[in-house]
Student: 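Structure incoming, see below.
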2 protein chains.
Amino acid sequence: MPGPSVQMNEMRFPGDVEDRLSLSERYCALQGSRLTDTRRQVLGMILSSPRPIGAYDLLDLLRSHHRNAAPPTVYRALEFLSDHGLIHKIERLSAFVGCSHRLRCHHGKACGHRAQFLICRTCGIVKELENDETESAVNLAARNVGFHVEHTTIEVEGICAQCAEHVS
Amino acid sequence: MPGPSVQMNEMRFPGDVEDRLSLSERYCALQGSRLTDTRRQVLGMILSSPRPIGAYDLLDLLRSHHRNAAPPTVYRALEFLSDHGLIHKIERLSAFVGCSHRLRCHHGKACGHRAQFLICRTCGIVKELENDETESAVNLAARNVGFHVEHTTIEVEGICAQCAEHVS
DNA sequence: TTGCCCCTGTTATAACATAACGAAGCAGTG
DNA sequence: CACTGCTTCGTTATGTTATAACAGGGGCAA
Ligand SMILES: [Zn+2]
Ligand SMILES: [Zn+2]
Ligand SMILES: [Zn+2]
Ligand SMILES: [Zn+2]
């Protein structure tokens with residue numbers, strides 16, 4: 001009876017997603033971390049989703065290829081991916097998106113990459129911006145009251161350009 | 001057998017909180033809204049808390065004065081207070097703080113008040129800033145990609161001035 | 001071999017939030 | 001007052017998101 005001892009079938013993703021997964025694998029290896037099967041599959045599912053996806057939706061998807069998956073399975077993977085800057089959590093949605101910056105960045109885990117997220121309330125698509133002026137302004141304002149900034153969450157809700165066109 | 005038909009005892013708050021509650025009551029009246037007993041008590045509890053307080057902590061407090069309180073009781077009050085700009089939700093904490101702006105503002109419900117929140121990860125205290133440069137920068141960045149902004153969430157995690165002193 | 005660290009499996013529970021429906025209260029109106 | 005419409009609230013149940021806690025497996029180095 002051939003086959004692996006654990007019920008984990010390989011999940012196939014579109015070519016561009018596979019490319020990003022390969023890059024992510026190499027990126028993790030350089031950090032001395034391992035992009036294991038589960039982590040890779042969760043990342044692939046996030047990258048394949050056109051909009052932010054929640055932990056329990058990921059769990060449902062994961063289960064069709066990984067029988068034993070439970071909430072901690074997903075949350076552990078999400079924590080790893082988040083720690084390594086491969087994904088971002090959108091707080092307002094309790095959902096996750098792939099980082100559109102990380103794979104273009106050569107500074108590693110602690111590069112201080114900060115972003116702003118534009119959330120369209122019509123189509124649900126989230127765009128990641130990296131606007132230095134915004135970061136500078138908020139950092140300055142915080143320092144002016146003696147606050148030491150460690151992490152900034154900026155999430156903008158509104159209507160994206162696409163959706164605005166459709167209405168007019 | 002005297003007493004009200006509903007088990008709702010008046011809760012007493014410190015003088016400064018009572019002052020803000022009175023102002024809030026007048027503010028709501030001007031809007032044609034009613035700051036009912038439950039809403040007033042929830043607001044009072046939020047204003048009395050030195051740090052953000054979660055819905056279920058509010059529920060526990062509320063129950064000692066209001067036997068029948070259930071989750072919807074609290075969430076309805078929170079929605080009302082939030083809609084009227086009297087409180088803010090801190091997304092990263094799923095918890096609520098009183099607005100430090102509203103009672104100084106004469107523009108009413110739709111004044112477009114926007115704020116940034118500095119969350120100290122040591123003491124848990126949250127400070128509300130109103131920095132126009134930050135708002136301008138993020139609005140500009142969004143408009144540059146054709147995004148129509150409706151609401152912005154800015155939450156900064158780090159160490160407050162107080163706590164930074166204690167360490168050094 | 002032993003000990004250590006990382007990763008995972010598994011069960012259970014905590015924490016946060018809303019759906020749905022009916023009744024009570026509080027306007028105005030005739 | 002009786003009628004009506006609207007807001008608020010009580011109540012029960014359920015949905016959604018996230019973590020605690022502990023055991024086991026597998027690689028690697030001393
Ligand atoms: Zn990013
Ligand atoms: Zn859109
Ligand atoms: Zn405010
Ligand atoms: Zn502090």
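These values consider heavy atoms only, across backbone and side chains, with no hydrogens, waters or symmetry-generated copies. Numbers restart at 1 for each chain; the letters A, B, ... are given by sequence-line order, proteins then strands.
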Student: If I take atom CG in residue A/Leu35 and atom P in nucleotide C/dT8, what distance separates them, rounded to the nearest angstrom?
Tutor: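 In whole Å, C/dT8 P and A/Leu35 CG are 10 Å from each other.
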Student: Just how far, in rounded Å, is P of D/dT7 from CD of B/Gln31?
Tutor: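 So the two atoms are 15 Å apart, to the nearest Å.
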Student: Give a yes/no on whether any side-chain N or O of A/His66 is located under 4.0 angstrom from OP1 or OP2 of C/dG9.
Tutor: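 For C/dG9, OP1/OP2 do have a side-chain N/O of A/His66 under 4.0 Å.
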Student: Between the main-chain N or O of B/Ile46 and the side-chain N or O of B/Ser49, is there a donor-acceptor pair closer than 3.5 Å?
Tutor: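 The answer is no, because no donor-acceptor pair under 3.5 Å joins these two groups.
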Student: Does any N or O in the side chain of A/His66 come within less than 3.5 Å of the main-chain N or O of A/Leu62, such that one atom is a donor and the other an acceptor?
Tutor: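 No, A/His66 side chain to A/Leu62 backbone: no donor-acceptor pair under 3.5 Å.
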Student: Would you tell me if any nitrogen or oxygen in the side chain of B/Asn68 comes within less than 4.0 Å of OP1 or OP2 on D/dT11?
Tutor: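 Yes, such a contact exists.
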Student: For the side chain of B/Thr38, starting at C-beta, report the closest nucleotide among C/dT10, C/dT8, D/dC9.
Tutor: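 So the side chain of B/Thr38 is nearest to D/dC9.
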Student: Using atom CG of B/Leu58 as one end and atom C1' of C/dC16 as the other, report the distance to the nearest whole Å.
Tutor: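 Value for this atom pair: 12 Å.
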Student: Please give, in whole Å, the distance from C/dT8 C1' to A/Phe80 CZ?
Tutor: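 Answer to the nearest Å: 14 Å.
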Student: Can you tell me the distance, in whole Å, between the CZ atom of A/Arg34 and the P atom of D/dG26?
Tutor: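 My rounded result for the distance is 12 Å.
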Student: Rounded to whole Å, please give me the gap between NE2 in A/His84 and C1' in C/dC7.
Tutor: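 Between C1' of C/dC7 and NE2 of A/His84: 13 Å.
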Student: Name the pairs: protein N/O against N/O of nucleotides 19-22 of chain C, kept only if under 3.5 Å.
Tutor:
{"residue": "C/dA20", "atom": "N6", "partner": "B/Arg76", "partner atom": "NH2", "Å": "3.3"}

Student: Would a distance-only check, ignoring hydrogens and angles, find a side-chain to backbone donor-acceptor pair under 3.5 Å from B/Gln116 to B/Ile154?
Tutor: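 Judged by distance alone, no pair lies under 3.5 Å.
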Student: Say whether, by atom type as modelled, one donor and one acceptor occur between the side chain of A/Asn139 and the main chain of A/Glu135 under 3.5 angstrom.
Tutor: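 A pair under 3.5 Å: yes.
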Student: Would you call A/Glu25-A/Arg39 a salt bridge at under 4.0 Å N-O?
Tutor: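 A/Arg39 and A/Glu25: not salt-bridged.
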Student: Would you tabulate the nitrogen or oxygen pairs shorter than 3.5 Å linking the protein to nucleotides 16-18 of chain D?
Tutor:
{"residue": "D/dA18", "atom": "OP1", "partner": "A/Lys89", "partner atom": "NZ", "Å": "2.6"}
{"residue": "D/dA18", "atom": "OP2", "partner": "A/Tyr75", "partner atom": "OH", "Å": "2.9"}
{"residue": "D/dA18", "atom": "O5'", "partner": "A/Tyr75", "partner atom": "OH", "Å": "3.4"}
{"residue": "D/dA18", "atom": "N7", "partner": "A/Tyr56", "partner atom": "OH", "Å": "2.4"}
{"residue": "D/dA18", "atom": "N6", "partner": "A/Tyr56", "partner atom": "OH", "Å": "3.2"}

Student: Is a donor on one side and an acceptor on the other found under 3.5 Å between the side chain of B/Glu91 and the backbone of B/Thr153?
Tutor: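 Looks like no, no N/O pair under 3.5 Å.
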Student: Between B/Arg121 and A/Glu150, is there a side-chain N and carboxylate O pair less than 4.0 Å apart?
Tutor: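 Here B/Arg121 pairs with A/Glu150 in a salt bridge, since their nearest N and O are under 4.0 Å apart.
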Student: Ignoring backbone atoms, establish whether B/Arg39 has a side-chain N or O less than 4.0 Å from OP1 or OP2 of D/dC9.
Tutor: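 Checking D/dC9 against B/Arg39, a side-chain N or O does come within under 4.0 Å of OP1 or OP2.
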Student: Yes or no on salt bridge (charged side-chain N to carboxylate O under 4.0 Å, His left out) for B/Arg92 and A/Glu155, after CA distance, side-chain angles and deciding distance?
Tutor: CA-CA 11 Å; B/Arg92 290 179 65 82; A/Glu155 299 177 3; over 6 Å; no
Student: Over how many whole Å does the gap from B/Ile90 atom CD1 to C/dC16 atom P extend?
Tutor: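 After rounding, the gap between these two atoms is 14 Å.
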Student: Which residue is it: A/Glu128, A/His88, A/Arg20, A/Lys127? I am looking for the one with a side chain to side chain donor-acceptor pair (under 3.5 Å) to A/Ser100.
Tutor: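 Between A/Ser100 and the candidates, side chain to side chain donor-acceptor pair (under 3.5 Å) is satisfied uniquely by A/Glu128.
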Student: What is the distance from CD of A/Glu79 to C1' of D/dA20, rounded to the nearest Å?
Tutor: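 Nearest whole value for this atom pair: 13 Å.
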